[in-house]
Amino acid sequence: MRTSQFFLATLKEVPADAEIVSHQLMLRAGLIRQVAAGVYNWLPLGHRVLSKVSQVVREEMNRAGAQEVLLPAVQPAELWQQSGRWDDYGPELLRFADRHERDFCFGPTHEEVITTLARAEIRSYRQLPVNLYQIQTKFRDEIRPRFGVMRSREFIMKDAYSFDRDSEGMSQSYQTMYDAYVRIFERLGLQAQAVEADSGTIGGNFSHEFHVLAESGEDAIAFCSTCNYAANVEKVDLTPASPSRPDATETMSEIATPNVHTIADLCNCLNIASSQTLKTLIVQGSEDTPIALVLRGDHSLNKVKAEMLAEVANPLRMASAKEVEEATGVAPGSVGPVGLNIPVIVDHGAAGVADFVCGANREGFHLKSVNWGRDLAEPRTHDLRQAVEGDPCPTDPSQPIQVRRGIEVGHVFQLGTKYSEALDGNFLDAEGRSQPFHMGCYGIGITRIVAAAIEQSHDDNGIIWPAPLAPFDVCIVPIGLKKSQQVADAVEALYADLTDAGFSVLLDDRNERPGVMFSEMDLIGIPHRIVIGERGLSKGIVEYRDRASGESADYPLDAFVTTLKTISSLAPNTT
RNA sequence: CGGGGCAUAGCGCAGCCUGGUAGCGCACCUGCUUUGGGAGCAGGGGGUCGGGGGUUCGAAUCCCUCUGCCCCGACCA
């Protein structure tokens with residue numbers, strides 16, 4: 001490809017709306033352009049990268065025994081009504097009606113469609129197991145799309161669904177996919193980490209996320225420093241092996257705290273640590289009654305854990321100020337567990353504090369030196385809080401966990417029979433009995449991977465593509481192309497030779513100044529650069545430069561194709 | 001959905017407070033010069049000032065309204 005023919009759309013300035021480096025560079029390098037909030041055009045350069053990602057994913061899925069299909073993007077409401085998700089999925093599901101006023105949605109995921117397909121076509125255990133996948137555009141009407149294609153509303157996802165006769169088979173299919181994912185991220189040149197995860201709204205009971213570690217990541221991942229435990233912080237179990245609490249040393253008293261409604265205010269006012277305070281959150285109960293959740297002042301509520309409680313509404317909803325007042329008799333900010341006549345569930349951390357400070361259920365007052373089992377009943381405890389750095393590792397409690405940020409690029413779930421039961425996805429087993437499929441589902445964010453790769457690999461000059469993702473393998477920058485027939489001849493010959501050797505080559509044949517060409521080739525991140533000018537040609541050499549290291553060296557022109565083959569095969573991430 | 005902000009040339013912005021000729025840098029076009037890290041000089045093109053309504057002799061500027069986009073929070077792959 002020649003730059004004079006190629007749709008290059010680079011930007012010198014950083015677009016004002018782009019926050020994170022991958023978004024900035026994707027716009028500047030001309031990979032994408034925004035069309036609407038969370039909706040993007042993929043320009044030729046970006047599309048080439050996208051194709052590289054898809055191709056690697058496709059090859060590894062095929063190798064793992066999965067078969068590619070293409071399911072519809074638009075799905076009828078009935079399917080979602082049957083699974084119950086028409087109501088459960090919420091406003092994130094983009095819904096619309098056709099000309100006959102029939103309801104449809106734009107698929108955010110495809111469990112319903114695939115299960116219906118399997119129900120129709122798979123009748124016998126002899127046909128199992130099956131794993132079907134697609135690479136397709138999804139739409140999720142995110143409340144707040146941000147960070148470019150990192151969290152867009154329209155995005156491309158590889159989603160696979162496995163069908164097995166029993167849970168052992170499902171576990172095997174799951175493991176096969178897990179292994180395939182490890183290979184995929186390795187081949188893509190990404191440093192990805194598998195972590196234990198919550199299965200969220202997709203449902204199911206066993207799940208791992210694959211994360212690319214990056215400061216800009218939206219998820220927090222807990223690692224153990226010694227064992228190989230790694231989990232989304234939402235998932236970290238903080239149930240203590242042996243609950244303990246210091247003895248009470250003081251007598252409870254009520255103190256005036258005018259205008260104090262936050263933990264920070266309270267700590268300032270009384271000059272105490274937030275770990276010595278308790279906060280009381282009122283949430284909607286699963287019946288109509290509100291529930292009080294009590295946490296230490298310095299801890300925060302983990303929604304996933306709260307939602308696991310039978311008496312808490314799922315999804316979790318915080319009570320409004322008005323509801324709090326109706327339930328407790330006082331406005332938010334003054335609520336405490338003492339004398340509360342709604343159900344109270346206390347986090348293990350909060351249950352371990354003695355002589356604590358909490359709201360007095362009376363405007364302008366707090367209680368001080370409060371103790372469980374004395375000033376109020378021994379609490380009903382549960383694991384409710386978000387893990388933080390330094391919490392004990394669930395596998396080896398003697399070790400503290402570390403918390404790092406990650407970008408979720410893949411997620412594997414064991415679904416079990418949730419969808420097959422809801423949608424009558426059954427087959428006949430060897431005894432002729434009807435059984436529901438044991439399903440698994442496996443997602444990879446194709447578009448997000450492009451952004452994640454850039455987050456992980458860039459410098460001040462632009463993108464540094466891992467070789468397997470690069471839109472072109474090598475670029476040729478001629479010096480004095482229009483002036484020197486010698487340069488023009490050498491460039492054309494090398495371009496042809498490299499192309500014949502199987503490299504994808506970008507030849508900068510514009511009449512630009514060298515600085516412009518260097519800057520743009522750096523920005524778009526081509527791994528290998530060759531500079532050809534009269535100066536070198538007179539000695540029979542060309543200059544080679546490695547984008548990642550910035551190191552350059554001169555090589556003889558006549559054997560350069562062989563040289564580049566050697567160099568590129570030595571690079572850490574080769575195709 | 002709550003809170004905040006922005007909308008003026010392809011991009012980045014000024015002008016608005018205090019109403020009166022729509023501007024700057026980059027990009028773009030032409031010419032000359034230049035050619036190893038986003039060139040110099042000269043000339044040039046390009047804007048319903050997000051839409052609608054109002055106030056006024058006169059609105060980018062003041063008022064009302066709608067829309068879009070961005071940020072913070074709750075939500076999520």
Which one, B:C72, B:G36, B:U34, comes nearest to the side chain of A:Arg535?
B:G36
When the C1' atoms of B:G46 and B:G5 are considered, how many whole Å apart are they?
29 Å
Give each protein N/O atom lying under 3.5 Å from an N/O atom of nucleotides 4-11 of chain B, with the pair distance.
from: B:C11; atom 1: O2; to: A:Glu13; atom 2: OE2; distance (Å): 3.2

Can you check the distance between B:C6 and B:U34, where both ends of the measurement are the P atom (answer in whole Å)?
48 Å
Any strand: nucleotide that pairs with B:C62 via Watson-Crick or wobble, under 3.5 Å:
B:G54
Residue of the set A:Asp473, A:Val474, A:Leu494 for which side-chain contact (heavy atoms from CB on, under 4.5 Å) holds with A:Val505
A:Val474
Side chain of A:Asp17 - closest among B:C69, B:G38, B:A77
B:C69
May I have the distance from A:Arg510 (atom CZ) to B:C28 (atom P), rounded to whole angstrom?
10 Å
Considering every strand shown, what is the Watson-Crick or G-U wobble mate of B:C41 when both distances are under 3.5 Å?
B:G31
Is there a donor and acceptor pair closer than 3.5 Å between the side chain of A:Glu543 and the base of B:G36?
yes
Rounded to the nearest angstrom, tell me the gap between atom CD in A:Glu218 and atom P in B:A74.
12 Å
Gap in Å between the two P atoms, one belonging to B:A22 and one to B:C11, rounded:
22 Å
For B:C24, the Watson-Crick or wobble partner whose two distances fall under 3.5 Å
B:G12
Do the side-chain N or O atoms of A:Gln34 get closer than 4.0 angstrom to the phosphate oxygens (OP1, OP2) of B:C70?
yes
Select from A:Ile143 and A:Pro514 the residue whose nearest nucleotide in RNA chain B is closer to the 5' end of that strand.
A:Pro514
Hey, does A:Leu523 reach any base, or is it just sugar-phosphate, or nothing, if we go heavy atoms under 4.0 Å?
base
So does A:Asp459 pair up with A:Arg547, basic N to acidic O under 4.0 Å?
yes
When you look at CD of A:Glu215, are more than 12 heavy atoms from neighbouring residues, nucleotides or ligands closer to it than 6.0 Å?
no
Can you confirm whether the side chains of A:His110 and A:Lys138 place a donor and an acceptor under 3.5 Å from each other?
yes
Take A:Phe210 and A:Tyr178 through the test ring pair (Phe, Tyr, Trp, His ring centres under 6.0 Å) and record every step on the way to the result.
CA-CA 9 Å; A:Phe210 288 78; A:Tyr178 184 104; 5.4 Å; yes
Among B:A39, B:C69, B:U35, which nucleotide sits nearest the side chain of A:Lys483?
B:U35
Against the side chain of A:Ala37, the closest entry in B:C70, B:A77, B:G38 is B:C70
Between B:G51 and B:U35 - C1' atom distance, rounded Å:
48 Å
Would you call A:Glu111-A:Lys418 a salt bridge at under 4.0 Å N-O?
no
Option among A:Phe155, A:Phe139, A:Tyr89 that satisfies the side-chain contact (heavy atoms from CB on, under 4.5 Å) test with A:Pro108:
A:Tyr89
Are there any protein N/O atoms within less than 3.5 Å of an N/O atom in nucleotides 41-45 of chain B, and if so, which ones and at what distance?
none

Give one of base, sugar-phosphate or nothing for A:Val477, where a contact means two heavy atoms less than 4.0 Å apart.
nothing
Does CD in A:Glu68 sit with more than 12 non-hydrogen atoms of other residues, nucleotides or ligands closer than 6.0 Å?
yes
Using atom P in both nucleotides, what's the gap between B:C29 and B:G15 to the nearest angstrom?
31 Å
Would you mind classifying the nucleic acid contact of A:Glu19 as base, sugar-phosphate or nothing, using non-hydrogen atoms under 4.0 angstrom?
sugar-phosphate
Looking only at N and O atoms, is any donor in the side chain of A:Asp522 or the base of B:G37 less than 3.5 Å from an acceptor on the other one?
yes
Roughly how many Å is it from NZ in A:Lys482 to C1' in B:U33, rounded to a whole number?
19 Å
If we take the P atom in both B:A9 and B:C49, what is their distance in whole Å?
10 Å
State which residues pass ring pair (Phe, Tyr, Trp, His ring centres under 6.0 Å) with A:Tyr133; sequence neighbours excluded, sorted by chain then number.
none
To the nearest angstrom, how far is A:Ile532 atom CD1 from B:G36 atom C1'?
14 Å
Taking for A:Gly38 and for A:Thr447 the nucleotide of RNA chain B with the nearest heavy atom, the one nearer the 5' end belongs to A:Gly38
Could you check how far CG of A:Leu481 sits from C1' of B:U34, rounded to whole Å?
17 Å
Is B:G46 paired to anything, Watson-Crick or G-U wobble with both distances less than 3.5 Å, and if yes, which nucleotide?
none
Would you call A:Phe518 stacked on B:G38, i.e. ring centres under 5.5 Å apart with the planes less than 30° off parallel?
no
A:Lys305/A:Glu234 salt bridge by N-O under 4.0 Å criterion
no
I'd like to know if A:Lys235 and A:Glu196 make a salt bridge, using a cut-off of under 4.0 Å between side-chain N and carboxylate O.
no
Check this for me: does the side-chain of A:Arg144 come within 3.5 Å of the base of B:G3 through a donor and an acceptor?
no
Rounded to whole angstroms, how far apart are CD1 on A:Ile541 and P on B:G36?
16 Å
Please report the distance, rounded to the nearest Å, between NZ in A:Lys12 and P in B:G38.
9 Å
Assigned partner base of B:A7, Watson-Crick or wobble definition, under 3.5 Å
B:U67
Residues A:Glu19, A:Arg146: salt bridge by 4.0 Å N-O rule:
no
Looking at every strand, decide which applies to A:Ser152 at a 4.0 Å heavy-atom threshold: base, sugar-phosphate, or nothing.
base
In whole Å, what separates the P atom of B:U55 from that of B:U8?
27 Å
A:Arg33 near the nucleic acid: base, sugar-phosphate alone, or nothing, with a heavy-atom cut-off under 4.0 Å?
nothing
If the C1' atom of B:A59 is compared with that of B:G43, how far apart are they to the nearest Å?
34 Å
Distance check needed: B:G36 P versus A:Glu534 CD, whole Å only.
12 Å
Candidate nucleotides B:U35, B:G38, B:A77, ranked by approach to the side chain of A:Arg513 - the nearest:
B:U35
So, A:Tyr419 and A:Arg85: side-chain donor and acceptor under 3.5 Å apart, yes or no?
yes
